[in-house]
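Accompanying notes for the structure given below.
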2 protein chains.
Amino acid sequence: MVTIYDIAARANVSAMTVSRVINNTGRISEKTRAKVKRVMEELNYVPNQMARSLVLQQTHLLFLLIADITNPFYTTLARGAEDAARKLGFRLLFGNSDENGDKEQEYMDTLLKMRVDGLLVAPAGDASLPHLETLRRHQVPFVLLDREVPGVESDIVLGDSKEGARQLVRHLSENGHRRIAMINGALTVSSARQRFEGYKEALKLNDLPYSEEYVLETSFGPRADLSEIDRWLGRMDPLPTAIVAGNNVLAVEVIRTLNARGLRVPEDISLVCFDDLASYAEIDPFVTVISQQAYQFGYLGMQMLIDRIRNPEEAGPWKKIVLPSELIVRRSVKAVR
Amino acid sequence: MVTIYDIAARANVSAMTVSRVINNTGRISEKTRAKVKRVMEELNYVPNQMARSLVLQQTHLLFLLIADITNPFYTTLARGAEDAARKLGFRLLFGNSDENGDKEQEYMDTLLKMRVDGLLVAPAGDASLPHLETLRRHQVPFVLLDREVPGVESDIVLGDSKEGARQLVRHLSENGHRRIAMINGALTVSSARQRFEGYKEALKLNDLPYSEEYVLETSFGPRADLSEIDRWLGRMDPLPTAIVAGNNVLAVEVIRTLNARGLRVPEDISLVCFDDLASYAEIDPFVTVISQQAYQFGYLGMQMLIDRIRNPEEAGPWKKIVLPSELIVRRSVKAVR
DNA sequence: CTGTTAGCGCCTTCAG
DNA sequence: CTGAAGGCGCTAACAG
């Protein structure tokens, strides 16, 4: 491996001079600077970030940990975070926890050991509390995205999940639906909880009955096994006339399961969900959704993170951004009666 | 920051003993091991990966650089790579080049400086040659995914793009289409070239006319601006009866543009493409595609990479895996005549 | 079983 | 404008 000493020897200067050329610090004569640069190129020198971070005590690395890399909500969010990081002069790396607390834990360990300068996280759930406390204890700045974690105070970007659920239920109610079921992610995820709350409130508000039988708590992540959903559908009697899905992944899984049972959306049963279904949905705008500004989640979150990193002493109060969501009516709801 | 010296002092041992406990090397009495471990927990010690990597000359970090994080082909590939890495005991981080050579370059710089142990890359295009040569020069093992780069010899996982294109054209031909257009990614990307070659060969084989006017070379990445596609559609006279899209992103963009012009698929014009359209396509299986085993690209690529890293001395010949692709007939092709 | 010494590649500090 | 010394946190190699 080529080091500054190799450069120094070849250029007849000290290692210190080479270091100064690399970092553009101190005053160097144009002549030596040019010579050093030439030698660096000749030798294909690449600075050793490890060594540098070790002495500087910072890595200039930011990290985004998302919960599901195959979910377009998160990949769009990732684009936003990346764009903001670039614009502000930082490099960003990604990780994928797969909605899995253990994998998240592994990433946290890695990041802590790597001494990343800051972290953007969509936490896997409430069980992320200890991981986040560890980050805090080690003074790693972080911003939560999309999900809060009880017991954790931090900067955060959220969607208005409760209001979104209310809008979905109201829309169904306005279309004459009275038996409205909900399939949801795990209630250990704050967004799932909020959506569930909003669902129940809206039922009450619209004088609609609530029944436990009509609610299935499962997981936001993609699963190969759809039998749980199928059993739920089999259990409900009578079938609901509409289903609210807690996110886009669940919506797709429900539709597939319904189709397998010979039921069609919206002819036999209506369906709405949270989060848009990627640009691919634009081919055939079909599912009525609560659309969230995924890109903004990432962009604004990254801005907050970098702000904290750049001005650690200011230490203002935690900021909370709640992004509004929008009901987009398409064709997955049939008016009944 | 807590260091092994802090631990050592508190536990009345030397730093070396602490190091041995951390790494489970050498022989340590159960008593001291227990004591050291207790002190580490008390002090919330986290090993400094920088320092460790510096002396060990390896980071245990693997990296996957994909070309478009919003494309389900690549996110599925990412899942495959991640699963393989976990199974083999490695950690994986991600980056997204956005089909952009400059961003790719930035990532390469970062990775080189970070001294990652190995890299999985879906290169942005032929212009990646110098980046890859740099990796090679610095002896960073890498495996190419999905795209080859002329001038670069390496392990690689490819799809059979040429054959895929032939199948698509044959399918259209069998359905009576004679005016078949193609929209493609940049020809500086090997998969786009292969698909173009396959398209031309298949036209000849099926006695169909080839016309430059019917071919648009653009980019595989997502663009906000669809006017280029719109102008192309306006230029073709007469309109083709079918279009082959070089990938899923382009297919969606073409459909959107056609719809904006009041043209419907497949009633007014048929369309086929490469790569599946995410699980969301399962809602309404619509576009006839050449489906590739995205997950396997990542999984097999990662296996090859780790194999190289673990057995650097063996240095067998470069391996090339060509994954077969499969024509999935859906509803986006209308039989004509 | 445990400690000492030296050095990984770089930068800060202090002298010239 | 340039250089020498020391240390960031850790581990390999050698002593004991």
Side-chain angles (χ1 to χ4, degrees), chain A residues 1-37 39-40 43-61 109-117 138-140, chain B residues 1-37 39-40 43-61 109-117 138-140:
Chain A
M1 174 184 293
V2 181
T3 74
I4 51 171
Y5 288 97
D6 301 321
I7 312 287
R10 272 255 225 170
N12 286 317
V13 294
S14 76
M16 213 33 240
T17 302
V18 177
S19 172
R20 285 197 258 261
V21 171
I22 294 169
N23 299 294
N24 264 310
T25 55
R27 328 195 142 282
I28 309 265
S29 75
E30 259 322 308
K31 227 172 80 182
T32 46
R33 178 191 305 281
K35 187 167 53 177
V36 169
K37 286 209 166 179
V39 176
M40 289 200 307
L43 266 47
N44 288 307
Y45 171 73
V46 176
N48 185 322
Q49 186 63 44
M50 257 48 2
R52 173 182 265 179
S53 299
L54 190 58
V55 32
L56 294 182
Q57 299 286 14
Q58 57 164 330
T59 54
H60 270 298
L61 279 181
D109 285 351
T110 304
L111 301 180
L112 232 38
K113 288 189 200 161
M114 284 174 65
R115 305 291 196 262
V116 298
D117 285 354
H138 289 279
Q139 314 196 45
V140 180
Chain B
M1 172 184 291
V2 181
T3 75
I4 50 171
Y5 289 97
D6 301 320
I7 312 288
R10 272 254 225 173
N12 287 314
V13 295
S14 75
M16 207 41 231
T17 302
V18 177
S19 172
R20 287 192 180 103
V21 171
I22 293 169
N23 299 294
N24 266 311
T25 55
R27 326 195 143 283
I28 310 265
S29 76
E30 259 323 307
K31 227 171 81 180
T32 46
R33 178 191 303 282
K35 186 165 53 174
V36 169
K37 286 209 165 178
V39 176
M40 291 201 305
L43 267 46
N44 288 309
Y45 172 73
V46 176
N48 186 320
Q49 187 62 44
M50 301 297 106
R52 173 182 266 178
S53 300
L54 189 58
V55 33
L56 293 181
Q57 299 286 14
Q58 58 165 329
T59 54
H60 271 299
L61 279 181
D109 285 352
T110 304
L111 302 181
L112 231 39
K113 287 188 199 162
M114 283 175 65
R115 305 290 197 262
V116 297
D117 285 354
H138 289 279
Q139 315 197 43
V140 181

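Per chain, numbering begins at 1; letters A, B, ... match sequence-line order. Every value quoted in this text rests on a predicted model; they were computed, and no experiment measured them. Because only heavy atoms are used, hydrogens play no part in the values below, and waters and symmetry mates are left out as well, while side chains stay in.
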Heteroatom pairs (N/O) under 3.5 angstrom, protein to nucleotides 3-5 of chain C:
{"residue": "dG3(C)", "atom": "OP2", "partner": "Ser14(B)", "partner atom": "N", "Å": "2.8"}
{"residue": "dG3(C)", "atom": "OP2", "partner": "Ser14(B)", "partner atom": "OG", "Å": "3.1"}
{"residue": "dG3(C)", "atom": "OP2", "partner": "Thr17(B)", "partner atom": "OG1", "Å": "2.5"}
{"residue": "dG3(C)", "atom": "N7", "partner": "Arg20(B)", "partner atom": "NH1", "Å": "3.2"}
{"residue": "dG3(C)", "atom": "O6", "partner": "Arg20(B)", "partner atom": "NH2", "Å": "2.3"}

Run the side-chain donor-acceptor check on residues 109-116 of chain B: report pairs under 3.5 Å with partners two or more places apart or on a different chain.
{"residue": "Thr110(B)", "atom": "OG1", "partner": "Arg91(A)", "partner atom": "NH1", "Å": "2.6"}
{"residue": "Thr110(B)", "atom": "OG1", "partner": "Glu106(B)", "partner atom": "O", "Å": "3.0"}
{"residue": "Arg115(B)", "atom": "NH1", "partner": "Pro47(A)", "partner atom": "O", "Å": "3.3"}
{"residue": "Arg115(B)", "atom": "NH1", "partner": "Leu112(B)", "partner atom": "O", "Å": "2.7"}
{"residue": "Arg115(B)", "atom": "NH2", "partner": "Val46(A)", "partner atom": "O", "Å": "2.9"}

Handout entry: From OG1 (Thr32(B)) to CG (Asn12(B)), nearest 0.5 Å
Key = 11.5 Å

Exercise for the section: Round to the nearest Å and state the distance from Gln49(B) atom CD to dC8(D) atom C1'. Expected result: 15 Å

Exercise for the section: Take the C1' atoms of the five end pairs on each side of the helix from dC1(C)-dG16(D) to dG16(C)-dC1(D), get both axes, and report the angle to 10 degrees. Expected result: 40°

Practice task
Specify the separation, in whole Å, of atom CZ of Arg115(B) and atom C1' of dC8(C).
Solution key: 12 Å

Handout entry: d(CE, Met40(B); C1', dG9(D)) in whole Å
Key = 15 Å

Exercise for the section: Please determine if a side-chain N or O atom of Ser19(A) lies less than 4.0 Å away from the OP1 or OP2 oxygen of dC11(C). Expected result: yes

Handout entry: Side chains of Arg52(A) and Asn23(A) in contact at under 4.5 Å (non-hydrogen atoms)
Key = yes

Problem - Exercise: identify the closest heavy-atom pair between Ala8(B) and Ser14(B) - result: CB-C, 3.6 Å

Fill in the blank from the handout: When rounded to whole Å, the CE to C1' distance for the pair Met1(A) and dG7(C) reads 14 Å

Exercise for the section: Rounded to the nearest angstrom, tell me the gap between atom CD1 in Ile4(A) and atom P in dG7(C). Expected result: 16 Å

Practice task
Determine the minimum heavy-atom distance between Ser53(A) and Met50(B), stating which atoms define it.
Solution key: CB-SD, 3.3 Å

Exercise for the section: Take the protein atom CD of Gln58(A) and the nucleotide atom C1' of dC11(C), then report the distance between them rounded to whole Å. Expected result: 13 Å

Practice task
Check salt bridge (Lys or Arg N to Asp or Glu O under 4.0 Å) between Arg10(B) and all other residues, then give those that pass, not counting sequence neighbours.
Solution key: Glu42(B)

Exercise for the section: Remember a base hit wins even if backbone is also touched, and classify Thr32(A) as base, sugar-phosphate or nothing at under 4.0 Å, heavy atoms. Expected result: sugar-phosphate

Problem - Interface with DNA chain C, restricted to residues 50-57 of chain B and to heavy atoms under 4.0 Å - result: Leu54(B), Val55(B), Gln57(B)

Practice task
Please determine, for the side chain of Asn48(B), which listed nucleotide (dG9(C), dC11(C), dC10(D)) has the closest atom?
Solution key: dC10(D)

Practice task
Using whole Å, report how far CG of Asp6(A) lies from C1' of dG9(C).
Solution key: 10 Å

Completion exercise
Note: Tyr45(A) and Ile22(A) closest approach over all heavy atoms is CE2-CD1, 3.5 Å

Completion exercise
Rounded to whole Å, the CD1-C1' distance (Ile7(B) to dC10(D)) equals 13 Å

Handout entry: Flag if over 12 foreign heavy atoms under 6.0 Å of NZ, Lys37(B)
Key = no

Exercise for the section: Remember a base hit wins even if backbone is also touched, and classify Ile28(A) as base, sugar-phosphate or nothing at under 4.0 Å, heavy atoms. Expected result: sugar-phosphate

Fill in the blank from the handout: Heavy atoms of Thr25(A) and Ile28(A) approach each other most closely as O-CG1, 4.3 Å

Exercise for the section: Quick one: which residue pairs count as a salt bridge (charged side-chain N to carboxylate O under 4.0 Å, His left out) with a foot in residues 21-34 of chain B, not counting sequence neighbours? Expected result: Glu30(B)-Arg33(B)

Exercise for the section: Could you check if a side-chain atom of Val2(B) sits within less than 4.5 angstrom of a side-chain atom of Asn44(B), using non-hydrogen atoms only? Expected result: no

Handout entry: Over all atoms of both residues, closest heavy-atom pair of Val13(A) and Val36(A)
Key = CG2-CG2, 4.1 Å

